[in-house]
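In what follows, chains are A, B, ... by sequence order, proteins preceding strands, each numbered from 1.
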2 protein chains.
Amino acid sequence: MNSRFAVATHIMAYLAFAHEGNRPTNSESIAQKLGTNPVVVRRLIGSLRAADLVRTQLGAGGGASLTRCPDKISLLDILDAIEQPSDPDLFALGSIENDVCSHHIGSCIQSSLQDIFGAAEEAMKKELAGSTLADVLSQVSKISCPEQFAAAQSNLSATTSVG
Amino acid sequence: MNSRFAVATHIMAYLAFAHEGNRPTNSESIAQKLGTNPVVVRRLIGSLRAADLVRTQLGAGGGASLTRCPDKISLLDILDAIEQPSDPDLFALGSIENDVCSHHIGSCIQSSLQDIFGAAEEAMKKELAGSTLADVLSQVSKISCPEQFAAAQSNLSATTSVG
DNA sequence: TAATTACGTAACCGTATTGGTTACATATTA
DNA sequence: TAATATGTAACCAATACGGTTACGTAATTA
């Protein structure tokens, strides 16, 4: 899960950069910036699309774009989008949840731990819910490298316009 | 990571149950209760011992026992104990952290995301730091199944005394 | 002292997951 | 109609993990 989340957030950040220019961004250029494969990007974009965070457009000039403004998309939205049925829970008890352990004391411990793990997960999600893509962008522009940020923005819109 | 944490916490909970009776608990009996293999238990106990949460005793009548009272051991202590160098971080950027991506905008996004991910992780850890093994035990005894809890406690001390 | 117990650790295996890659059908644009 | 780009399946290699066996070593106990 962890790398998927980071990559997905990265993708969303790039799409947020390109959000002003109305042209979609293709998986090829995102993959190149991330140093990965276009199919990997498309797979994640597929999950993001299923969660209605991005829309995609087929055909020439196609690609992905955000469905709403970056300040309306939290990092929790992204996490929820890429969560898979195979990721039951960040703190899943996994193989412990079997019949062998379902004697009294075992199941009692389990339910107790699940409460605590659930609280920890909630705390994490609450934090992620408080950060939006817009926050990421403004942090980038303010703190890290303002002039490169401006240059990158114009580069990006140029890239997405040209192809 | 996630299963390791859950299993380790389970192990610690069992050791906490046995903490009053001064006899250590062997990996065999813990593994049996958890429906797993003694070696798996010993591996985790090895990490817990390295973090000075448990001590182990070799030889006949040996096993593991807590180094301090359950109310002095937080779930964060356990998480920290079993964190491995290969688990750099819950939100690690993984394969993104390569040279290809280290152009200006990419590295800016990364540092921004790392801040946010770090905050989320901190929130989670803070929650775990607030829960002790004693809390787990009392939750088990109070909420879930008081009479079984009492029975299990006496069973456990009997088990660890007899072998 | 000898036998038993139990840990510590290495080694190996099967499985699951993941990311990377190729390939191709489909849709959209020009 | 040609070019572009997505959607998706399929396959591969690498990694991680849990399970298991095996064995050396230490401590107890008879």
> Gln57(A) side chain: which of dT28(C), dA23(C), dC7(C) is closest?
Replying inline: dT28(C)
>> For a side chain to side chain contact (heavy atoms under 4.5 Å, CB included) check, start with the C-alpha distance between Ile78(A) and Phe5(A), then their side-chain angles and the critical distance, and finish with the verdict.
In response: CA-CA 7 Å; Ile78(A) 300 175; Phe5(A) 180 38; 4.0 Å; yes
> With distance as the sole criterion, do the side chain of Arg4(B) and the base of dG18(D) form a donor-acceptor contact below 3.5 Å?
Replying inline: no
> Is the shortest side-chain N/O distance from Ser3(B) to OP1 or OP2 of dG18(D) below 4.0 Å?
Replying inline: yes
> Any side-chain donor paired with an acceptor under 3.5 Å for Ser112(B) and Asp115(B)?
Replying inline: no
>> Just the rounded figure in Å: distance from C1' of dT4(D) to CD of Glu28(A).
In response: 11 Å
> Rounding to a whole Å, what distance do you find between Asn37(B):CG and dA11(C):C1'?
Replying inline: 14 Å
> Can you tell which of dT28(C), dT28(D), dG19(D) lies closest to the side chain of Ala60(B)?
Replying inline: dT28(D)
> Thr56(A) has a side chain; which of dG19(C), dG8(C), dG7(D) sits nearest to it?
Replying inline: dG7(D)
> Strictly by modelled atom types, are Thr67(B) and Arg55(B) linked by a side-chain donor-acceptor pair under 3.5 Å?
Replying inline: no
> How about Ser138(B) and Asp135(B): does a side-chain donor come under 3.5 Å of a side-chain acceptor?
Replying inline: no
>> Given dG19(C), dG8(C), dG19(D), identify the nucleotide with an atom nearest to the side chain of Val40(B).
In response: dG19(D)
> Just how far, in rounded Å, is C1' of dA26(D) from CG of Leu58(B)?
Replying inline: 5 Å
>> Reading DNA chain D from 5' onward, which residue's closest nucleotide shows up sooner: Gly61(B) or Val39(B)?
In response: Val39(B)
> Can you find a side chain N or O atom of Ser27(B) that sits less than 4.0 Å from OP1 or OP2 on dA6(C)?
Replying inline: no
> How many Å lie between CD1 on Ile30(A) and P on dG19(C), as a whole number?
Replying inline: 16 Å
> Arg42(A) has an atom CZ; how far is it from atom C1' of dA9(D), in whole Å?
Replying inline: 12 Å
> Where is the tightest heavy-atom contact between Pro24(A) and Gly61(A), given as atom of each residue plus distance?
Replying inline: CG-O, 3.3 Å
> So what does Gly46(B) hit on the nucleic acid, given a heavy-atom distance under 4.0 Å: a base, only sugar-phosphate, or nothing?
Replying inline: nothing
>> Distance check needed: dT28(D) C1' versus Asn26(B) CG, whole Å only.
In response: 14 Å
> Quick one: Leu48(A) CG to dT6(D) P, roughly how many Å, whole number?
Replying inline: 14 Å
> Do Arg43(B) side-chain and dG19(D) base share a donor-acceptor contact under 3.5 Å?
Replying inline: yes
> Nearest-Å distance, CZ (Arg55(A)) to C1' (dT6(D))?
Replying inline: 16 Å
